[in-house]
Amino acid sequence: MATGVIGVLGFAALAETGAATGPATVVSPVVAAHAEAQRAQEAEDVVSRAERPEPAPPQVAAPRRPTTARSSPRTTLPRAAAGGPAAPAAPKEEAPKAAPAQLTPVAGLSQVQTENAAAIIRAGAKNGVPQRGMVIAVATAMQESTLLNRASEVLPESKLYPHQGTGWDHDSVGLFQQRTSSGWGPVADLMKPEYAATKFYQGLLQVPGWDQMPLTYAAQAVQVSAFPEAYAPHEPVATAVVQQLLQQGVTNG
């Protein structure tokens with residue numbers, strides 16, 4: 001038994017020693033050949049992949065941007081074609097009109113009185129009134145307002161408009177002292193010399209035979225004044241005023 005134990009121990013020791021020294025592993029020839037063939041195939045695959053170029057990635061076409069037509073900011077000037085009509089010329093600027101020359105005072109009147117007399121004559125010309133009617137109108141205004149465009153202290157509204165003095169005869173206003181309450185027209189219009197003169201001419205032309213009457217009667221037929229003979233003394237000066245202003249061309253233009 002001791003011998004058997006020793007034998008067993010000796011075998012165990014031998015086995016332990018062999019494990020420590022690492023005896024050569026016995027490999028089956030079939031396994032070894034298969035492993036060798038697998039390694040050779042792997043090596044060949046590596047060489048094959050190294051020799052073959054990798055396929056390039058597929059090219060993706062970049063999206064096209066929509067093109068927008070741009071309008072040219074340049075302005076093309078028209079050119080005259082050979083034998084064709086020439087390009088239109090730029091319009092010429094009109095020269096500013098010269099201001100009318102100031103009238104020269106006539107027959108001893110002031111500048112303001114002369115301008116008012118001219119307004120009466122212009123209104124007569126526009127309405128086709130002959131020179132005799134202009135003389136009657138100027139003489140009437142000389143008596144009624146001394147040829148000044150007067151407002152009325154009785155009618156405060158009249159003082160809101162351009163005027164040259166005031167009066168106190170009821171609501172009588174303007175060069176001819178016409179009354180809005182008698183139907184001559186609005187105060188704003190009666191304070192305009194040419195409007196007031198036009199209203200006088202309209203009344204005068206309705207008087208039958210006015211151009212054959214003495215001046216004072218023709219004026220009185222329109223004005224219905226309390227002093228019908230008061231217009232007569234102004235006839236000579238009124239005649240001179242009309243003649244001299246016509247010579248200055250007050251009705252021109």
Peer 1: Identify the two heavy atoms, one from F176 and one from A137, that lie closest to each other, and give their separation to 0.1 Å.
Peer 2: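 Shortest heavy-atom separation between F176 and A137 comes out as CE2-O, 3.4 Å.
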Peer 1: Any donor-acceptor pair under 3.5 Å linking the side-chain atoms of S152 with those of D171?
Peer 2: no
Peer 1: Which pairs, with at least one residue in residues 200-223 and sequence neighbours excluded, count as a salt bridge (charged side-chain N to carboxylate O under 4.0 Å, His left out)?
Peer 2: none
Peer 1: When you check the side-chain N and O atoms of Q164 and N116, is any donor under 3.5 Å from an acceptor?
Peer 2: yes
Peer 1: Would you find a donor on one side and an acceptor on the other, under 3.5 Å apart, between the side chain of S182 and the backbone of W184?
Peer 2: no
Peer 1: Kindly work out whether a path of hydrophobic side-chain contacts (I/L/V/M/F/W/Y, heavy atoms less than 4.5 Å apart) joins V154 to V187.
Peer 2: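 Not linked; separate clusters.
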Peer 1: Using only atom types and a distance under 3.5 Å, with no angle test, would you say the side chain of D189 pairs donor to acceptor with the backbone of G185?
Peer 2: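 Not at all, since once roles are kept as given, no pair shorter than 3.5 Å links the two residues.
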Peer 1: Looking only at the side chains, is there a donor atom on one of Q223 and Y231 sitting less than 3.5 Å from an acceptor on the other?
Peer 2: no
Peer 1: Between R132 and E235 (salt bridge meaning N to carboxylate O under 4.0 Å), is one present in this structure?
Peer 2: yes
Peer 1: Check whether any side-chain N or O of Q113 sits under 3.5 Å from a backbone N or O of L148 as a donor-acceptor pair, and report yes or no.
Peer 2: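 No: the side chain of Q113 does not pair with the backbone of L148.
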Peer 1: Between R179 and D169, is any pair of side-chain heavy atoms under 4.5 Å apart?
Peer 2: no
Peer 1: So which heavy atom on I120 is nearest to which on A197, and how close?
Peer 2: CA-CB, 3.9 Å
Peer 1: Would a hydrophobic clustering, with Ile, Leu, Val, Met, Phe, Trp and Tyr connected at side-chain separations under 4.5 Å, put L205 with Y195?
Peer 2: yes
Peer 1: Could you go through the side-chain hydrogen bond (donor to acceptor under 3.5 Å, both in side chains) check for Q243 and Q247 one step at a time?
Peer 2: CA-CA 6 Å; Q243 290 175 350; Q247 290 174 1; 5.9 Å; no
Peer 1: Which distance, rounded to the nearest 0.5 Å, do you find between the CD of Q143 and the CD of Q177?
Peer 2: 10.5 Å
Peer 1: Decide yes or no for V222 and Y201: does some side-chain heavy atom of the first lie under 4.5 Å from some side-chain heavy atom of the second?
Peer 2: no
Peer 1: Might you work through the salt bridge (charged side-chain N to carboxylate O under 4.0 Å, His left out) test for E153 and K159, ending with a clear yes or no?
Peer 2: CA-CA 8 Å; E153 293 290 350; K159 299 172 71 174; 3.2 Å; yes
Peer 1: Between Q220 and E229, is the side-chain contact (heavy atoms from CB on, under 4.5 Å) condition met? List the steps.
Peer 2: CA-CA 8 Å; Q220 171 64 11; E229 303 294 334; over 6 Å; no
Peer 1: Flag the pair E144 / Q178 as yes when at least one side-chain heavy-atom distance between them is below 4.5 Å, and no otherwise.
Peer 2: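 Of all side-chain heavy-atom pairs linking Q178 with E144, none is under 4.5 Å.
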Peer 1: Spell out, as yes or no, whether a donor-acceptor pair under 3.5 Å connects the side chain of H234 to the backbone of A232.
Peer 2: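 Here the side-chain-to-backbone pair does not exist.
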Peer 1: One pair to check against side-chain contact (heavy atoms from CB on, under 4.5 Å): V173 and M191. What are the steps and the verdict?
Peer 2: CA-CA 7 Å; V173 297; M191 292 300 296; 3.7 Å; yes
Peer 1: How far apart are the closest heavy atoms of T251 and A125, and which atoms are they?
Peer 2: CG2-CB, 3.6 Å
Peer 1: Run the side-chain contact (heavy atoms from CB on, under 4.5 Å) check on T166 and R150 step by step: do they pass?
Peer 2: CA-CA 5 Å; T166 58; R150 297 183 183 275; 5.8 Å; no
Peer 1: Only one of V242, L103, T114 forms a side chain to side chain contact (heavy atoms under 4.5 Å, CB included) with V250, so which one is it?
Peer 2: L103
Peer 1: Minimum heavy-atom separation for S145 and L175, please, with both atom names.
Peer 2: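 So the minimum-distance heavy-atom pair works out to OG-O, 2.7 Å.
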Peer 1: If only side-chain N and O atoms count, and only distance matters, is there a donor-acceptor pair under 3.5 Å linking Q206 with Q202?
Peer 2: no
Peer 1: Side-chain contact test, heavy atoms from C-beta onward, threshold under 4.5 Å: evaluate it for L204 versus F200 and give yes or no.
Peer 2: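 SC-SC contact between L204 and F200 confirmed.
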Peer 1: Looking only at non-hydrogen atoms, find the nearest pair between T216 and A230 and report the distance.
Peer 2: OG1-N, 4.2 Å
Peer 1: What's the shortest heavy-atom distance between N149 and P162, and which atoms?
Peer 2: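 Nearest pair, atom of N149 first, then P162: ND2-O, 3.3 Å.
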Peer 1: Working to the nearest 0.5 angstrom, can you tell me the gap between I121 CD1 and Q131 CD?
Peer 2: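 So the gap between those two atoms works out to 8.5 Å.
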Peer 1: Can you establish whether the number of heavy atoms outside Y217 located under 6.0 Å from its atom OH is more than 12?
Peer 2: no
